[in-house]
K.L.:
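This is the structure I want to talk about, given as structure tokens.
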Amino acid sequence: DVKVTQSSRYLVKRTGEKVFLECVQDMDHENMFWYRQDPGLGLRLIYFSYDVKMKEKGDIPEGYSVSREKKERFSLILESASTNQTSMYLCASTLETRFQETQYFGPGTRLLVL
Amino acid sequence: AQKVTQAQTEISVVEKEDVTLDCVYETRDTTYYLFWYKQPPSGELVFLIRRNSFDEQNEISGRYSWNFQKSTSSFNFTITASQVVDSAVYFCALLTQLNQETSGSRLTFGEGTQLTVNP
């Protein structure tokens, strides 16, 4: 079974704080993705990574950065959290960089920025 | 640009009713994949099905069935004899290739349909 885990299910942070969201997969997947989910908007891609130390911007990268120092771990960083970053954050991974690969998701982190 | 539309924001049915969730997509690509995911209250997206653009054969898996019609750019999902455990948000998604030089891809999601099955 594919296993994607996220470090926290719920987080409450204050405006201006630096926030780290961690994602780990244990299936030696090459590709990892970060999405945010908001009501009425579906899931939107923030950043993705096809390899260690490699990153690509998604559709809404502003206000976020990422880090991938090890293959199994992909971190999403909010440099200075703002209230409009209150959302559900979902991490996903795929085995290989092949076009048809299915993305498998973690349980999500609900972030509230006060 | 790629786009996925799920026009039904919320659907409420009574247990044992059949229900169809609509999905319409837009793409100029000739090769693409379509997905359905289920998101129960726990939050995790659960993969249900993947179809490629060249396979229009309908699929049935237990109480679930999918109707892919390329002519209308639709990929609808039907639950037969719905159960309370089917209550969830359902997402339709479109996978397209980023460019011809790489095998990278982009998954575009619809807005989701909240299905509530009442006992």
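Proteins come first, then strands; the chains are lettered A, B, ... in the order of their sequence lines, and each starts at number 1. All of these numbers come straight from a predicted model, not from anything done at the bench.
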K.L.:
What part of A/Leu45 gets closer than 4.5 Å to chain B, counting heavy atoms only: side chain, backbone, both or neither?
P.N.:
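When you check distances to chain B, only side chain atoms of A/Leu45 fall under 4.5 Å.
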K.L.:
Thinking salt bridges, do A/Lys71 and A/Asp51 make one under a 4.0 Å N-O criterion?
P.N.:
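No, no charged N to carboxylate O under 4.0 Å.
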K.L.:
Is A/Arg44 close to chain B through its backbone or its side chain, or both, or neither, when contacts mean heavy atoms under 4.5 Å?
P.N.:
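Neither part.
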K.L.:
Taking side chain as everything from C-beta outward and backbone as N, CA, C, O, which of these in A/Glu56 sits under 4.5 Å from a heavy atom of chain B? Side chain, backbone, both or neither.
P.N.:
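No part of A/Glu56 comes within 4.5 Å of chain B.
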K.L.:
Between A/Gln25 (side chain) and A/Arg73 (backbone), is there a donor-acceptor pair under 3.5 Å?
P.N.:
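It does not hold such a pair.
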K.L.:
Tell me whether the count of non-hydrogen atoms from other residues, nucleotides or ligands lying under 6.0 Å of NZ in B/Lys70 goes above 12.
P.N.:
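Check passes, neighbour count above 12.
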K.L.:
So which part of B/Gln114 gets closer than 4.5 Å to some heavy atom of chain A, the side chain, the backbone, both or neither?
P.N.:
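Interface part for B/Gln114: neither.
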K.L.:
Is it true that atom CG of A/Leu114 has more than 12 heavy atoms of other residues, nucleotides or ligands lying nearer than 6.0 Å?
P.N.:
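Yes, because the 6.0 Å sphere around CG of A/Leu114 holds more than 12 heavy atoms from other groups.
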